[in-house]
Student: 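Quick one: the structure is below, and I'll ask about it shortly.
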There are 2 protein chains.
Amino acid sequence: MAYELYYWTGIQGRGEYIRLALEEAGVPYRDVAREKGDGVIETLTRKAQTPSFAPPFLKDGDLILGQVSAILLYLGDKLDLAPKDPHQRLWTHQIQLTIADLVVEGHDTHHPLGADFYYEDQKPESKRRAADFRQQRVPKFLAWFETILTRNPKGPAHLVGDRLSYADLSLFQIVEGLDYAFPKLMARIGGDYPKVRALHDAVVERPNIKAYLASPRRLPGNEDDLFRHYPELDV
Amino acid sequence: MAYELYYWTGIQGRGEYIRLALEEAGVPYRDVAREKGDGVIETLTRKAQTPSFAPPFLKDGDLILGQVSAILLYLGDKLDLAPKDPHQRLWTHQIQLTIADLVVEGHDTHHPLGADFYYEDQKPESKRRAADFRQQRVPKFLAWFETILTRNPKGPAHLVGDRLSYADLSLFQIVEGLDYAFPKLMARIGGDYPKVRALHDAVVERPNIKAYLASPRRLPGNEDDLFRHYPELDV
């Protein structure tokens with residue numbers, strides 16, 4: 001039975017971290033809301049014994065599992081996208097959780113007062129939060145990724161060990177998001193993190209990812225997504 | 001060898017979710033920064049092959065593991081504070097990840113523009129963000145906890161199955177944080193979530209937790225912590 005992904009239509013969003021794992025593995029899956037509309041998310045949540053607080057969630061037979069990091073923990077084992085060694089497997093998960101934290105902070109640059117106000121109603125606040133994000137947070141996160149790539153005893157081609165894991169795919173997606181939302185910032189500081197960029201570029205060249213990125217399933221970045229390009233926030 | 005917890009001194013913070021699991025299990029552990037000062041956090045991070053982006057992290061022999069949810073995933077197995085069934089174990093983890101999201105949002109009520117500005121430099125913004133938190137987010141999260149307690153086929157005494165898990169301890173801690181930071185809000189709406197309150201109250205009565213809460217190891221809430229009581233944010 002094909003995996004079923006439930007996530008909002010119209011954006012890459014948090015669903016993209018799941019899509020990248022499924023696409024890299026080359027397994028069949030259904031992107032259910034894209035087939036049937038966003039309403040299926042609420043329909044399944046309303047009756048599930050394990051309802052997710054928010055999408056994305058994955059349905060695999062009788063398992064309904066939410067939270068990106070938990071889904072990737074599960075798929076990492078099933079799709080052979082994580083190390084089998086228990087400590088290495090947890091380290092991969094820890095990296096994913098840190099990426100998830102960065103995703104929240106990226107979103108909050110344009111919604112510092114919360115998701116229930118429009119961006120247009122929090123523009124001055126967004127400018128202050130985004131300045132902090134550009135000047136303090138992005139360099140801190142990218143430096144951490146560069147450090148752990150450098151300290152990987154198997155070399156800097158992957159975040160964990162000497163094989164691709166879902167964490168590598170997620171770091172690729174983070175760089176995609178930062179490049180999209182903060183092109184000026186990344187032009188200025190991106191070169192300071194050559195191993196991060198090299199990993200991003202290597203992921204782009206993987207055959208299944210390359211085919212996915214060229215397909216209509218890969219939506220372009222847009223201003224409903226988590227990472228948004230507002231030029232006034234990228235000065 | 002005793003578990004070693006590394007976390008900032010002076011607050012409950014994110015370290016508390018780890019402490020509660022260790023205390024409930026009654027295993028020996030060292031709260032290393034409280035013994036030696038916050039400097040040990042940086043010292044260990046600087047040389048670790050798997051450095052955490054931020055504390056808390058746990059050292060268990062040669063394992064150094066960060067991210068609260070990952071630490072609890074690990075300790076849940078070791079301390080028998082999580083179900084062994086794989087799906088139930090993931091569900092417990094998913095609940096913990098959702099609690100972690102709520103912790104971030106609780107913190108952001110007093111730091112909507114980011115952690116690098118003082119609260120005093122973002123008070124008007126905090127008022128707007130806290131209003132959204134009180135009116136939209138807290139009710140949404142508490143309703144979700146109440147729902148999953150209600151839907152637990154083993155009854156509402158625990159979040160998962162019919163035994164205590166680390167998720168129950170973490171939900172207790174969330175209620176403690178909300179009671180401390182938003183007493184007026186909780187007086188108004190707390191009664192709408194009786195199963196959540198009952199679980200909180202049952203955790204308080206567990207012998208090891210009761211002893212812990214009465215010990216000097218349990219720090220009181222304060223305004224350096226994640227949940228802070230600023231009366232102007234609890235109107």
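Values in this document were obtained by computation on a predicted structure and should not be read as measured data. These values consider heavy atoms only, across backbone and side chains, with no hydrogens, waters or symmetry-generated copies.
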Student: With chain B, which of A:Ser69, A:Ala48, A:Pro124, A:Ala143 has the greatest number of heavy-atom pairs at distances under 4.5 Å?
Tutor: A:Ala48

Student: Which of residues 226-235 of chain B get closer than 4.5 angstrom to chain A, counting heavy atoms alone?
Tutor: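 Answer by number: none.
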
Student: If the contact rule is any heavy atom under 4.5 Å from chain A, which residues of residues 97-107 of chain B qualify, in numerical order?
Tutor: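 The residues closer than 4.5 Å to chain A, in numerical order, are B:Leu97, B:Thr98, B:Asp101, B:Val104.
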
Student: Select one option (side chain, backbone, both, neither) describing which atoms of B:Ile64 are under 4.5 Å from chain A's heavy atoms.
Tutor: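 The backbone, not the side chain.
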
Student: What part of B:Thr92 lies closer than 4.5 angstrom to a heavy atom of chain A: side chain, backbone, both or neither?
Tutor: neither

Student: If I measure from the heavy atoms of chain A, does B:Ile148 come under 4.5 Å with its side chain, its backbone, both, or neither?
Tutor: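 It is the side chain, since no backbone atom gets that close.
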
Student: Any side-chain heavy atom of B:Phe53 sitting closer than 4.5 Å to one from A:Lys140?
Tutor: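 SC-SC contact between B:Phe53 and A:Lys140 confirmed.
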
Student: Hey, which residues of residues 115-123 of chain A are touching chain B, say heavy atoms under 4.5 Å apart?
Tutor: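 Within residues 115-123 of chain A, the residues under 4.5 Å from chain B are A:Ala115, A:Asp116, A:Phe117, A:Asp121.
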
Student: Using heavy-atom distances under 4.5 Å, tell me whether B:Ser126 contacts chain A through its side chain, its backbone, both, or neither.
Tutor: neither

Student: Looking at B:Ala131, B:Ala130, B:Pro86, B:Ala70, which one has more heavy-atom pairs under 4.5 Å with chain A than the rest?
Tutor: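 Answer, by heavy-atom pair count under 4.5 Å with chain A: B:Ala70.
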
Student: Let me confirm one number: the CG-NE2 distance from A:Leu65 to B:His93, rounded to the nearest 0.5 Å.
Tutor: 9.0 Å

Student: Any salt bridge between B:Glu125 and A:Arg129, counting N to O under 4.0 Å?
Tutor: no

Student: Sort out for me which of A:Val68, A:Leu63, A:Leu73 touches chain B most, counting heavy-atom pairs under 4.5 Å.
Tutor: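 It is A:Leu63.
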
Student: Taking only heavy atoms into account, what residues of residues 151-161 of chain A are found under 4.5 Å from chain B?
Tutor: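 If one takes a 4.5 Å heavy-atom cut-off, the residues of residues 151-161 of chain A near chain B are A:Arg151, A:Pro153.
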
Student: Looking at side-chain heavy atoms only, is the closest gap between B:Trp144 and A:Pro51 below 4.5 Å?
Tutor: yes

Student: Checking B:Lys127 against chain A: side chain, backbone, both or neither under 4.5 Å from a heavy atom?
Tutor: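 Neither part; nothing is under 4.5 Å.
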
Student: Mind checking the CG-CD spacing from B:Leu90 to A:Gln67? Nearest 0.5 Å is all I need.
Tutor: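 Atom-to-atom, B:Leu90:CG and A:Gln67:CD are 12.0 Å apart.
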
